[in-house]
Amino acid sequence: MNLVWYRNDLRIHAHRALQEALQAEGPVTAVYFICEDQWDSHGVAPLRRWYVLHSLNELGEQLAQRGITLHVVDAGDFSQVPQKLASLVREHGVERIFCTREYPLNERRRDEAVAAEMDKQGVAIRGFDDSVLVPPTTLRTGKGTPYTVFSAYKKRWDVWLEQHFSIPGLPGSMAAKSAKFAGKAVVDKALDRVSVPASLTDLWTPGEQAAAQQLEYFVGRHLGQYRKHRDFPSLTATSSLSAALSAGTLSPASCFHAARQAMSDAGARDGAACWIGELAWRDFYRQIMAQYPRLSWGRAFRPETDLLEWDNDDDLFQAWCEGRTGYPLVDAAMRQLVATGWMHNRLRMVTAMFLSKHLWQDWRRGEDFFMQHLIDGDFAANNGGWQWSASTGTDAVPYFRVFNPVRQSQRFDAEGKFIAYWVPELKALDNKTIHEPWKQPLLVPDYPAPIVPHAGVRERVTESFKGAKQAYDQLQGVDA
DNA sequence: TGGTGGTTTGA
DNA sequence: CAAACCACC
């Protein structure tokens, strides 16, 4: 018997683990472990749990139609997985296990513990790197170190894919026989334990089929304009595929394949190339996560920045969470996040930079808050994005990026449409005042004044980072 | 995947 | 006098 162990790869298409299992000798079965304690300890958003569990139900049905039984097991946290897997293996006479690799430390330790347990029983495990396009340790600099600067990584990434990319097709040998989806009751019980309002779930459709449709729609309708439009949050211009990619209901290979096909149309080339760049960012942060375990310990990529002394003022943090900082674009973005479980990419940068630089809060607070609300909450991408914004991460530049929240607002929501939608208190303001409502205080009695001034932020941040660097160099015994 | 404050350019 | 351009942070 061959076992496909599903994790964040809840699909049938472009899935080497499933394909290989089908090509191996003997029948195939599948398993998923629900680890709610793991979700709890990482503050996984209820909406994301809902997405995952419903996608799991669809996967179970799809597998059953192809003669494969999906077992679903409540496992609490990762530490219980080896034993529970071992009993499943004994029960079904499993000889080989197939899975898609995951890279954060907890996941790798879980997999190592499982491998050790399975080794005792003579069961082989094979992992496949299908959650990325380029496997994490493939590309190295001339010195043999991981790439930590995106632009250099991207060049090699392009070349490697040019030479090596192939998309795994739908499994060919899947017979049209049927099996029973054994896990449905367990999934439904877990769904009963998820509390998420209909106002949120109404906005999303879980599952592999919806993800495939969304990809088709995006590529056909918006990909060509992606480069031009993607930074404007009032437009429907981005893919909205982040939830599907992070739960694995959609494969990055399908995305890459579709985008590359679209590039043969000259009008779509620019947009497609730009979007492929976003897939590269996704791989980039995953390979960073895989090769720098300290990120999984909650530490900064740049060690000296762990010496920064954040204010962590609770009132300011709360104002940020609730979208009442007095900076319209920041507030609109935060309200979008809480109301929809999603935030536009540019606004993730704007709000993250505002929390870390203007409010001088530990970026980990923001990272946690995002995880608690995002339907696409993905450890590597979220952590990478937060550290980039907080200037504690990769892609070092010799100065500190501090977005001006008013300038960003004027540039990317020039007409104030996005602000007007999410901050209706401001919807009557003209498209100049709406970015700086404090200039017309009488018109906006219900909207707060800026909770911190923009002036001086850059200087403070620069000084603090300089201080942290000096302190770190001293600790290291290096002359500064 | 910037911002700022300066200087130059050109209607 | 406002974009466009530039150096520096």
Side-chain angles (χ1 to χ4, degrees), chain A residues 147-155 157-158 222-223 225-235 237-239 241-242 259 270-286 288 301-302 304-305 327 329-330 333 342-360 363 366-367 370 376 378 380-414 418 432 435-436 450 452-470:
Chain A
Y147 280 99
T148 60
V149 175
F150 176 74
S151 54
Y153 175 78
K154 172 67 161 56
K155 280 184 192 147
W157 185 89
D158 283 332
H222 296 296
L223 183 65
Q225 298 298 306
Y226 182 75
R227 188 194 295 275
K228 279 190 168 57
H229 290 171
R230 67 181 188 128
D231 271 324
F232 300 98
S234 67
L235 302 177
T238 59
S239 72
L241 290 169
S242 53
D270 255 24
C274 184
W275 191 57
I276 286 173
E278 298 304 303
L279 296 172
W281 274 105
R282 192 174 167 280
D283 276 17
F284 177 69
Y285 283 138
R286 275 172 149 71
I288 291 286
F301 177 79
R302 293 170 59 182
E304 74 275 16
T305 63
Y327 287 91
L329 188 64
V330 172
W342 185 85
M343 191 194 288
H344 187 279
N345 178 254
R346 172 146 297 273
L347 301 180
R348 296 190 195 199
M349 297 189 277
V350 170
T351 54
M353 205 157 309
F354 187 83
L355 184 76
S356 56
K357 305 283 170 57
H358 288 73
L359 302 185
W360 200 240
W363 52 272
E367 181 193 14
F370 270 32
D376 59 48
D378 175 274
N382 192 43
N383 181 277
W386 269 95
Q387 295 219 45
W388 183 88
S389 298
S391 304
T392 67
T394 53
D395 221 35
V397 280
Y399 51 85
F400 297 93
R401 272 181 268 240
V402 178
F403 282 0
N404 179 331
V406 176
R407 243 179 101 75
Q408 290 282 313
S409 188
Q410 291 162 338
R411 279 174 66 189
F412 298 115
D413 190 30
F418 184 80
K432 288 216 187 324
H435 307 294
E436 320 174 76
V452 295
H454 172 68
V457 167
R458 155 190 295 278
E459 292 73 11
R460 174 181 186 180
V461 169
T462 307
E463 281 309 303
S464 301
F465 273 76
K466 205 183 287 173
K469 174 78 174 129
Q470 277 169 6

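Since the model is a prediction, treat every value here as computed from it, not as a measurement. In what follows, chains carry the letters A, B, and so on, assigned in the order in which the sequence lines appear, proteins first and then strands, with residues in each chain numbered from 1.
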Heavy-atom nearest pair, Phe370(A) first then Thr351(A), reads CZ-OG1, 3.5 Å
Heavy-atom closest contact (Pro405(A) atom, Tyr327(A) atom, distance)
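Nearest heavy atoms, Pro405(A) then Tyr327(A): CG-CD2, 3.6 Å.
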- [ ] Using whole Å, report how far NZ of Lys357(A) lies from C1' of dC9(C).
- [x]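 The answer, rounded to whole Å, is 13 Å.
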In whole angstroms, the gap separating C1' of dG2(B) from CZ of Arg346(A) amounts to 9 Å
Could you tell me whether the side chain of Tyr285(A) reaches within less than 4.5 Å of the side chain of Trp388(A), counting heavy atoms only?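 They are in contact (side-chain heavy atoms under 4.5 Å apart), so the answer is yes.
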*Angle class for the Tyr153(A)/Phe150(A) ring planes (parallel below 30°, perpendicular above 60°, tilted otherwise)?*
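Aromatic pair Tyr153(A)/Phe150(A) classed tilted.
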With the threshold set at 4.0 Å, does a side-chain nitrogen-carboxylate oxygen contact exist between Glu463(A) and Lys466(A)? yes
N-O pairing of Asp378(A) and Arg286(A) below 4.0 Å: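 Here Asp378(A) pairs with Arg286(A) in a salt bridge, since their nearest N and O are under 4.0 Å apart.
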Is there any protein nitrogen or oxygen under 3.5 Å from a nitrogen or oxygen in nucleotides 3-6 of chain B, and what are the pairs?
{"unit_1": "dG3(B)", "atom_1": "OP1", "unit_2": "Asn404(A)", "atom_2": "N", "d": "3.4"}
{"unit_1": "dG3(B)", "atom_1": "OP1", "unit_2": "Gln408(A)", "atom_2": "NE2", "d": "3.0"}
{"unit_1": "dG3(B)", "atom_1": "OP2", "unit_2": "Arg411(A)", "atom_2": "NH1", "d": "2.7"}
{"unit_1": "dG3(B)", "atom_1": "O4'", "unit_2": "Arg458(A)", "atom_2": "NH2", "d": "3.4"}
{"unit_1": "dT4(B)", "atom_1": "OP1", "unit_2": "Asn404(A)", "atom_2": "ND2", "d": "3.3"}
{"unit_1": "dT4(B)", "atom_1": "OP1", "unit_2": "His454(A)", "atom_2": "NE2", "d": "3.0"}
{"unit_1": "dT4(B)", "atom_1": "OP2", "unit_2": "Asn404(A)", "atom_2": "ND2", "d": "3.3"}

Suppose we screen for side chain to side chain donor-acceptor pair (under 3.5 Å). Which residues come up paired with Arg348(A), at least two apart in sequence or across chains?
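Arg348(A) satisfies side chain to side chain donor-acceptor pair (under 3.5 Å) with Asp376(A) only.
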Next on the checklist: Can you list every stem that DNA chain B is part of, counting only runs of 3 or more consecutive Watson-Crick or G-U wobble pairs with both distances under 3.5 Å?
Outcome noted: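 Looking at DNA chain B, the stems formed by three or more consecutive pairs are B:2-10 with C:1-9.
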Here the gap from Leu329(A) atom CG to Arg346(A) atom CZ, rounded to the nearest 0.5 Å, amounts to 10.0 Å
